[in-house]
Participant: 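Questions regarding the structure given below will be posed in turn.
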Amino acid sequence: SVSGGVYSQAGASSGPKSLVGSTGWTDVTLDTDIRLDTTGQAGVLLRTRAPAVGADAHAGYYVGVETNGTIFIGKQNNNWTSLALQNVTGGVSAGTWYHLTASIVGCTITATIKPDNGTASTTATATDAGCFASGQAGVRTHLSSASFRNLQVTQAGASTAASYADSWASGASTG
């Protein structure tokens, strides 16, 4: 649903995702504000291809945060492979907005999380030698409810991506 410029996914579904852009996008930076509304995990998708219904039902990268206090980077190809896991300074709490920046340039993924009202940030980095070359960007939750606002996808490195931004101010979650 969309309300007041916030895109929310409610319920404890296994891996719902919302994607934007072209499957030809390469190097991008995705910025968004994220709030876990219940315990669990949520985050962003990079270089996503062949999306389907199900937790790991796509090929691409998932960068997220979890209420266990971590930021993570993983590869999904109809399964899950962890690439990086880092404890977040100050932990991760449900009901708190965080600013998440995830960037993929070449085969290196960098993610930074910072509470909206804080100064301490935590960064995780991973390199996937046999990385996916291109794909869409998006948001995803897993077994939790979460909300997103101020989504921006911009070019990074030698990207083929066009810039995209959505404040969800229109109140629509389609298009």
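Sequential numbering from 1 along the given sequence is applied to the chain's residues.
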Participant: Who are the side-chain hydrogen bond (donor to acceptor under 3.5 Å, both in side chains) partners of Asn87, not counting sequence neighbours?
Facilitator: none
Participant: Which pairs count as ring-ring contact (aromatic ring centres under 6.0 Å, His included) when at least one residue sits in residues 107-130, sequence neighbours excluded?
Facilitator: none
Participant: Can you tell me which residue pairs pass the salt bridge (Lys or Arg N to Asp or Glu O under 4.0 Å) test with a partner in residues 3-20, sequence neighbours excluded?
Facilitator: none
Participant: Do any pairs count as a ring-ring contact (aromatic ring centres under 6.0 Å, His included) and have a residue in residues 28-56, sequence neighbours left out, and if so which ones?
Facilitator: none
Participant: How about Arg49 and Ser134: does a side-chain donor come under 3.5 Å of a side-chain acceptor?
Facilitator: yes
Participant: Ring pair (Phe, Tyr, Trp, His ring centres under 6.0 Å) with Tyr98: which residues, sequence neighbours excluded?
Facilitator: none
Participant: Suppose the criterion is ring-ring contact (aromatic ring centres under 6.0 Å, His included): which pairs have a residue in residues 27-62, not counting sequence neighbours?
Facilitator: Tyr61-Phe132, Tyr62-Phe72
Participant: Return the CG to CG distance between Leu30 and Leu100, rounded to the nearest 0.5 Å.
Facilitator: 7.5 Å
Participant: Does a side chain donor of either Thr122 or Gln86 reach within less than 3.5 Å of an acceptor in the other side chain?
Facilitator: no
Participant: With sequence neighbours left out, what residues match Asp33 under side-chain hydrogen bond (donor to acceptor under 3.5 Å, both in side chains)?
Facilitator: His99, Arg149, Asn150
Participant: Can you name the side-chain hydrogen bond (donor to acceptor under 3.5 Å, both in side chains) partners of Ser103, sequence neighbours left out?
Facilitator: Thr29
Participant: In Å, rounded to the nearest 0.5 Å, how long is the span from CD1 of Ile73 to OG1 of Thr81?
Facilitator: 13.5 Å
Participant: Within the distance-only criterion (no hydrogens, no angle test), does the side chain of Arg47 pair as donor or acceptor with the backbone N or O of Trp25 below 3.5 angstrom?
Facilitator: no
Participant: Please report the shortest heavy-atom distance between Asp27 and Ala156, naming the atom on each side.
Facilitator: CB-O, 2.7 Å
Participant: Do the side chain of Ser121 and the main chain of Ile113 share a donor and acceptor less than 3.5 angstrom apart?
Facilitator: no
Participant: Does any pair with a residue in residues 51-66 pass salt bridge (Lys or Arg N to Asp or Glu O under 4.0 Å), and if so which ones, sequence neighbours excluded?
Facilitator: Asp56-Arg140
Participant: Kindly compute the distance separating OG1 (Thr38) from CG (Leu143), expressed to the nearest 0.5 Å.
Facilitator: 9.0 Å
Participant: Give the minimum heavy-atom separation between Thr89 and Ala120, together with the two atoms involved.
Facilitator: CG2-CB, 3.8 Å
Participant: Could you tell me the separation between the CD1 atom of Ile34 and the CG atom of Leu151, rounded to the nearest 0.5 Å?
Facilitator: 10.5 Å
Participant: Quick one: side-chain hydrogen bond (donor to acceptor under 3.5 Å, both in side chains) partners of Thr48, sequence neighbours excluded?
Facilitator: none
Participant: For Ala102, check side chain to side chain contact (heavy atoms under 4.5 Å, CB included) against everything at least two apart and list the hits.
Facilitator: Val44, Leu46, Val63
Participant: Measure across Ser93 and Thr67 and return the closest heavy-atom pair with its distance rounded to 0.1 Å.
Facilitator: C-CG2, 4.5 Å
Participant: Would you mind listing every salt bridge (Lys or Arg N to Asp or Glu O under 4.0 Å) that reaches into residues 123-134, with sequence neighbours excluded?
Facilitator: Lys75-Asp128
Participant: Roughly how far apart are Leu36 CG and Thr141 OG1, rounded to 0.5 Å?
Facilitator: 9.5 Å
Participant: Hey, is the main chain of Asp31 close enough, under 3.5 Å, to the side chain of Thr101 for a donor-acceptor pair?
Facilitator: no
